[in-house]
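I have placed the structure first, in the form of structure tokens, so that the comments after it can refer back to it.
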Amino acid sequence: MLFGKPRDINDPSLFHSISLIPFLAWVGLGVDGLSSCAYGPDESFRALFGLKMHGTDQLMNLPELAILLAIATTITVAVISWSYAGLIEHFPYSGGGYGVATKLPYFGLISGCALLVDYVLTVTTSVASSVDQIFNVIPTEFHSYKLGVEFLMIGGLVLLNLRGVKESINVIVPIFLLFVATHLALMAGVILMHPEAIGTHVTALHASMKSDESHLGIWLILVIFMQAYSRGAGTYTGIEAVSNGVSAMREPQVTNAKWTMLYMAVSLAVTAGGLMICYLLADLSPVTGRTMNGLLVEKVNFGTWFTWLTLGSEAGLLLFAAQTGYIGGPRVMANMALDGWVPRRFSSLSDRLTSHYGVLMVGAAAIGSLIYTRGSVDMLVTMYAINVFVTFSLSQLGMTRFSWARRKRKGQGVVPILLHSFSFILCMGILVAVVILKFEQGAWVTIFVTGVLIILCLLIQRHYRRVREKLTELNAQLGDMQTLAGTAPAEVPEMNPKKQTAVFLVNSYGGLGIHTLLIALKTFPGQFSQIYFASVGVLDSGNFKGTEEVVRLKADRQKTIDHYVLLAHTLGLAAAGEYTLGTDPVDEATELCLSIRHKYPKSVFFAGKLLFEAEKWYFPLLHNETAFAISRRLQLQGIPTVVMPIRILKFEG
């Protein structure tokens, strides 16, 4: 009831039914960017009030700078979105900014870790801000319940995402459309109510700049502007999500992703820039415990119903903006798992074809960050913005290098180089400003957590690298055995269901499987005259990209079975085999083994397991222990199963 029934990977309409058209992708992936209009413009505008004059205790306000902030916000959204459209075109399936940064040594690791922390903070920031919108219209005596409500919301989103991406997005659509409609009406209402105010404020800005420049100095004004601009950095946080979610879109995926990016860029620029202008036109000033959007709705006064609809849609959209963290976070984690930076299990999919381990990890980490910050949106936005711009900066640096190499190789023009270089300078400038201005208000926490995560990833990859080295040594021990398949006799014995059969669970054709076969035959000499091979093709985030990949996986499994059958024939044994596809190797292998047992009642099952000389406590976290899990299930069914240990000596993990 909570997770939904399993999806059939052999269904030819599967990829069409779970993929997203540009509109749904805009809703699901663009919701993070658009919902940031609830706190990004708010943070920028607040930074223009309560400023201390240099050398005095006198406070001053510079609200007219909101016009320049709106222009700067629109330009920033346009530049970053345009540059990410190029990233989508050249790196559609490699995990967005993570894939681009991997072209630079170790930058991919930094970008991936920054993205993981970023997506966790996407969940926490969106949920905390959503609750703030709700409690705008709730008496203060109930504000002590805010944290509990936030915990419930994060848990609910975990369950929703375990059902699948498209189903969770279908829930968001009406709230998303209501948000767009109410905020357009809100901005239009403010402009129509103050038609002459725009010209007045532009004139006031010009006069104020001249006056302020004379007694404050142009550099101090620039510092104030940059502080306000950097405080609104959370406005741009959703742009990365589209490039990271290309594989979730319907064919043609790159074209649809570009349209999605355009939809999001236009809606974000219009809403964020428009709200800042409206704060100024409505002569608003920050009020403790109230959001700027809440004050704006109150000032327009279209009626209580409109207030509830506007703030309710804002709260709902913010809640579902956390959806981006549950989509993007597991995808990045899966790409990093395939590269060996995080445990392999994070690349696996559930029978609902969701990255269940990633969803659970993002939810748990979001609850941890919520406990640490106590739901403080100001602190969360600061922490959030830092890693967003770490990723932006590394992505644009990678794209600059890629564009330069492409220009040399294919004679490409200089426009992409200039675009990505400017975007890199812009993003790097915002990053430096946020770190300097907000170091003690949460910036250091993000830097520390990201640094610890990078160190852990380096240790994990070192372990996997050493395992690969040992497997290479294991293969080398076989000598010509791996190429022996191919010299089989012209006539081979046929399989007999009544004879005793050794069934071997194999993965790829190589050292582990061949060693398991040879050791079993040596341990039980003359016991088995026929062999059956069983293999499971695991559908994970690395090959779940379309029907072509599924076909390729099937061909790979069949090729593996054919190699082992040929090897058995070479050894003078009757042999056959079969494979199945699935998302869980233990479940699929168990079902396959039960089916084989029904065909060959006198079968004994064998699986190989790498046995390290000195196993550490963390090995089970990095390896799935598949052989033991399958043997336990089969033994519970009364089926004899043997796990053959393949020893790895002198291994320091």
Side-chain angles (χ1 to χ4, degrees), residues 20-42 44 66-89 96 169 172-191 198 229 232-246 248-250 252-279 293 310 313-314 317-318 320-321 323-324 328 388 392 395-396 415 419-420 422-423 426-427:
L20 305 175
I21 60 175
F23 173 74
L24 288 179
W26 174 43
V27 174
L29 300 172
V31 67
D32 180 27
L34 197 56
S35 68
S36 65
C37 294
Y39 50 79
D42 185 309
S44 284
I67 297 174
L68 298 180
L69 284 173
I71 295 172
T73 297
T74 302
I75 293 173
T76 304
V77 170
V79 170
I80 297 176
S81 300
W82 187 13
S83 61
Y84 263 86
L87 188 152
I88 288 170
E89 181 178 350
I169 290 175
I172 307 173
V173 172
I175 299 173
F176 185 89
L177 295 177
L178 181 62
F179 175 93
V180 172
T182 53
H183 283 70
L184 285 176
L186 178 63
M187 291 186 290
V190 172
I191 293 171
I198 297 178
Y229 176 64
T235 305
Y236 320 112
T237 52
I239 298 175
E240 162 73 23
V242 177
S243 66
N244 192 40
V246 176
M249 297 182 193
R250 189 165 297 175
Q253 291 177 318
V254 172
T255 301
N256 286 336
K258 286 185 173 182
W259 277 109
T260 302
M261 182 67 78
L262 178 62
Y263 296 162
M264 191 183 72
V266 172
S267 59
L268 177 58
V270 169
T271 309
L275 283 173
M276 274 192 276
I277 296 294
C278 288
Y279 298 157
N293 287 355
T310 304
S313 67
E314 206 165 273
L317 199 69
L318 280 163
F320 287 113
Q323 173 72 17
T324 309
V388 168
F392 282 171
S395 300
Q396 297 314 313
V415 173
L419 171 65
H420 295 301
F422 177 70
S423 187
L426 178 66
C427 294

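No hydrogens, no waters, no symmetry mates; every other heavy atom, side chains included, goes into these values.
Proximity of S36 to L268: side-chain heavy atoms (C-beta onward) are separated by under 4.5 Å at one or more points. In this structure, the side chains of F176 and L34 come closer than 4.5 Å at one or more pairs of heavy atoms. Between S267 and V180 there is no side-chain heavy-atom pair separated by less than 4.5 Å.
The minimum heavy-atom distance linking I277 with A66 is given by the pair CD1-O, 4.4 Å. For the pair V77 and A265, the tightest heavy-atom approach, listed with the atom from each and the gap, is CG1-O, 3.5 Å. Listed here is the closest heavy atom pair of M276 and S44: SD-CB, 4.0 Å. Heavy atoms only, all atoms of each residue included: E314 and N293 are closest at OE1-ND2, 2.9 Å.
Between the OH atom of Y279 and the CG atom of L69 there is a distance of 12.0 Å, given to the nearest 0.5 Å. Atom CG of L275 sits about 10.0 Å away from atom CG of D42, to the nearest 0.5 Å. Remark: I191 CD1 to L186 CG distance equals 10.0 Å, nearest 0.5 Å. Taking CD1 of I75 as the reference point, atom CD1 of I80 lies at 12.0 Å (rounded to 0.5 Å).
Taking the ring-ring contact (aromatic ring centres under 6.0 Å, His included) definition, one finds that H183 meets it with F179, sequence neighbours left out. Annotation: side-chain contact (heavy atoms from CB on, under 4.5 Å) contacts of V190 (sequence neighbours excluded): H194, C278, L281, L296, V300.
Using a 3.5 Å distance cut-off with no hydrogens or angles, the side chains of Y84 and S423 do not pair a donor with an acceptor.
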